[in-house]
Amino acid sequence: MSARQYLRVVREVARKDLLLELRGKRRFNGAGVLALLIVVVFSFAFVRQVESGAVVGRGSLWIALVFGAMLALSRGIATEETNAAIEGLLLAPVDRSAVYLGKVCSATVFVTVIGWTTLVGVTIFLNAPFPPAVIGRLLVVFPLAALGFAAAGVLLTSLTLNSRLRESLLPVLLLPLVIPVVLAGMELTRATGPFLASGWFRILLVYDALVAFAGWLSFEFVVEG
Amino acid sequence: MGALSLSSVSKFFGDQVGVADLTLDIEHGQTVVLFGHNGSGKTTLLRMLATLSRPTAGTISLDGTPLSRDRPHLRDEIGVVSHETYLYDELTARENLRLHARLHGVDPDRCAERLDAVGLTHRGSDPAGEFSHGMAKRLSFARATIHDPEVLLLDEPFSGLDRESRGRIVARLRDLDDTTLLVATHDLDRGFDLADRVLLLADGRRVGDVTTATCAGPAAVERTYERRVAGSTG
């Protein structure tokens with residue numbers, strides 16, 4: 001197995017996912033709208049009661065992102081379940097971790113876009129609670145947080161692929177696993193000063209690396225019958 | 001050593017037997033029909049041969065090389081037509097074939113020829129989700145053979161097909177002279193003509209292995225099967 005073959009499968013799986021999304025917009029229409037609705041509900045519920053718009057903005061941003069990401073991941077695997085399409089991918093003549101990495105890449109893109117959309121929603125509905133420096137920082141933090149969600153989420157959705165309880169199992173399994181991402185994201189949204197040197201940023205990087213490595217290592221065992 | 005060799009292969013699902021202690025050699029270019037009732041182990045066996053499921057015990061070899069996790073390149077020699085089509089409904093027929101061509105590292109330009117071979121050229125730009133069962137099955141056949149596999153595994157390939165679709169698939173199968181074919185079916189009338197051998201399975205066990213050249217026809221094989229099943233359970 002050459003590295004070229006392996007990377008070709010990673011690229012084709014990711015490209016296929018992005019093409020499916022561009023065509024059907026199943027994930028974005030569901031997850032993006034859910035995330036925006038959560039922000040709207042927060043704006044109705046808290047804006048007049050809580051003095052600091054930044055606190056409400058931070059909370060609603062990350063809660064909306066967590067639920068939006070979960071819905072996006074769940075819909076992503078539903079596409080693979082139809083016609084058992086994922087088994088066609090698993091027949092590719094390379095290590096099956098290539099399929100995992102391809103799906104993590106596409107899921108990272110989806111969750112990042114949901115994050116940026118939510119940020120726009122928070123800025124509009126909660127009266128621009130973040131200074132420009134924080135918004136600039138979030139443009140970097142979202143892809144890293146999305147990678148953490150995607151790395152854990154793709155593995156767990158594959159694990160629960162043939163389970164009738166998948167819809168209810170996924171949040172139960174995924175939420176505890178992505179707590180470090182949410183904590184780091186919240187702290188990095190709040191922090192002032194250079195965030196690249198912050199401990200939370202390093203935690204986010206290490207978490208992403210560890211979970212992606214664990215998923216890469218175990219995917220074959222998870223999907224094998 | 002045959003194209004495909006199984007040595008004491010078993011698959012258990014908890015206490016349930018999927019396949020029990022199966023040893024088998026299949027020669028290059030041979031067509032073997034796996035015949036048995038529902039739950040006899042046909043699909044379980046094909047899934048293990050496709051590397052979609054791992055045997056609980058035993059070894060499966062392709063040209064003498066054991067199928068294992070560290071030899072994924074062997075999957076390039078295997079094609080699978082399953083109950084499921086493995087197609088993406090939102091992608092067009094051509095896009096589905098191109099995806100699988102690229103996954104196997106073959107020239108995507110051959111998709112046009114493969115679509116033509118299954119009579120779907122005029123529907124190449126239509127989403128697979130709009131296809132009838134028969135058309136989807138034909139497209140699935142084109143998908144499974146896009147990389148010219150050495151071994152083609154077919155699970156109930158004729159079920160739910162009309163005469164035209166069945167005729168096209170049978171014609172394509174007859175063209176695959178050098179390909180080793182394993183066809184699982186519970187309806188021998190629709191696979192017998194293609195077969196060199198019929199392997200009889202019941203409760204995951206082999207209860208017979210019939211060479212078609214020396215037997216009277218599908219009805220005779222079915223009678224033998226029923227006798228053996230009755231004998232093994234009685």
Side-chain angles (χ1 to χ4, degrees), chain A residues 1-27 29 75-100 102-103 106 158 161-162 216-225, chain B residues 11 13 18 43-44 46-56 68-92 95-106 108 127-129 131 133 136-137 139-140 143-144 146-147 149 153 155:
Chain A
M1 176 183 62
S2 71
R4 211 172 128 199
Q5 276 179 308
Y6 187 89
L7 290 174
R8 187 185 61 227
V9 172
V10 173
R11 188 188 64 214
E12 289 305 323
V13 171
R15 185 159 75 172
K16 178 269 300 172
D17 280 350
L18 295 171
L19 182 62
L20 283 172
E21 184 57 26
L22 282 175
R23 198 149 295 169
K25 295 183 184 62
R26 270 199 207 176
R27 290 194 227 197
N29 283 351
R75 290 204 170 179
I77 206 66
T79 309
E80 298 294 350
E81 211 172 23
T82 308
N83 302 328
I86 194 166
E87 296 196 344
L89 303 181
L90 299 178
L91 293 172
V94 296
D95 191 281
R96 283 170 175 152
S97 58
V99 175
Y100 171 76
K103 295 202 75 64
S106 58
S158 305
L161 185 62
N162 295 315
W216 175 81
L217 212 59
S218 58
F219 185 72
E220 169 114 32
F221 298 91
V222 165
V223 292
E224 202 173 70
Chain B
K11 178 75 180 180
F13 303 98
T43 299
T44 303
L46 287 188
R47 288 182 65 78
M48 286 192 289
L49 294 172
T51 74
L52 291 170
S53 174
R54 188 75 43 191
T56 310
S68 61
R69 290 192 189 100
D70 57 351
R71 296 188 184 93
H73 61 278
L74 291 177
R75 285 198 284 270
D76 221 6
E77 304 302 333
I78 299 169
V80 182
V81 179
S82 162
H83 289 292
E84 301 280 5
T85 58
Y86 301 166
L87 299 171
Y88 291 94
D89 284 347
E90 290 91 347
L91 297 185
T92 67
E95 285 167 344
N96 269 293
L97 287 192
R98 281 180 169 269
L99 167 68
H100 286 276
R102 289 191 182 113
L103 290 177
H104 286 276
V106 298
F131 283 14
H133 174 73
K137 198 95 175 185
L139 183 58
S140 174
R143 171 199 54 73
I146 192 85
H147 57 295
L153 311 169
D155 196 356

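Just so it is clear, the values below take in all heavy atoms, side chains as well, and ignore hydrogens, waters and symmetry mates. Proteins get letters first, then strands, A, B, ... in listed order; numbering begins at 1 in each. What you see is a predicted model; the values in this text were computed from it and never measured.
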- Under 4.5 Å from a heavy atom of chain A, the part of T92(B) involved: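 For T92(B), backbone and side chain are both near chain A.
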- Query: What part of E95(B) lies closer than 4.5 angstrom to a heavy atom of chain A: side chain, backbone, both or neither?
  - Reply: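 Contact with chain A is through the side chain of E95(B) alone.
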- Winner by heavy-atom pair count (cut-off under 4.5 Å) against chain B, out of G88(A), G24(A), A98(A):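 Ranked by contacts with chain B, first place is G88(A).
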Compile the donor-acceptor pairs under 3.5 Å between side chains in residues 98-105 of chain B and protein atoms, sequence neighbours left out, one pair per line.
from    : atom 1 : to     : atom 2 : distance (Å)
H104(B) : ND1    : D76(B) : OD1    : 3.0

- Message: Counting only non-hydrogen atoms closer than 4.5 Å, does E12(A) touch chain B with its backbone (N, CA, C, O), its side chain (CB onward), both, or neither?
- Response: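 Its backbone and side chain both get close to chain B.
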- Is it the backbone or the side chain of R11(A) that comes under 4.5 Å from a heavy atom of chain B, or both, or neither?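 Neither part; nothing is under 4.5 Å.
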- Message: Any heavy-atom pair between the side chains of L139(B) and L97(B) that's under 4.5 Å?
- Response: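 A side-chain contact under 4.5 Å exists here.
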- Non-hydrogen side-chain atoms of V222(A) and Y100(A) separated by less than 4.5 Å: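 No - every pair of side-chain heavy atoms lies 4.5 Å or more apart.
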- Item | Test applied, side chain to side chain contact (heavy atoms under 4.5 Å, CB included); reference residue, Y88(B); option that passes from D17(A), L20(A), N83(A), T82(A) |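 Single pass found, and it is L20(A).
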- H147(B), M48(B), E90(B): which one forms the most heavy-atom pairs within less than 4.5 Å of chain A?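 Going by pairs under 4.5 Å, I would pick E90(B).
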- P127(B): what forms a side chain to side chain contact (heavy atoms under 4.5 Å, CB included) with it, not counting sequence neighbours?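 Applying side chain to side chain contact (heavy atoms under 4.5 Å, CB included) to P127(B) gives E130(B).
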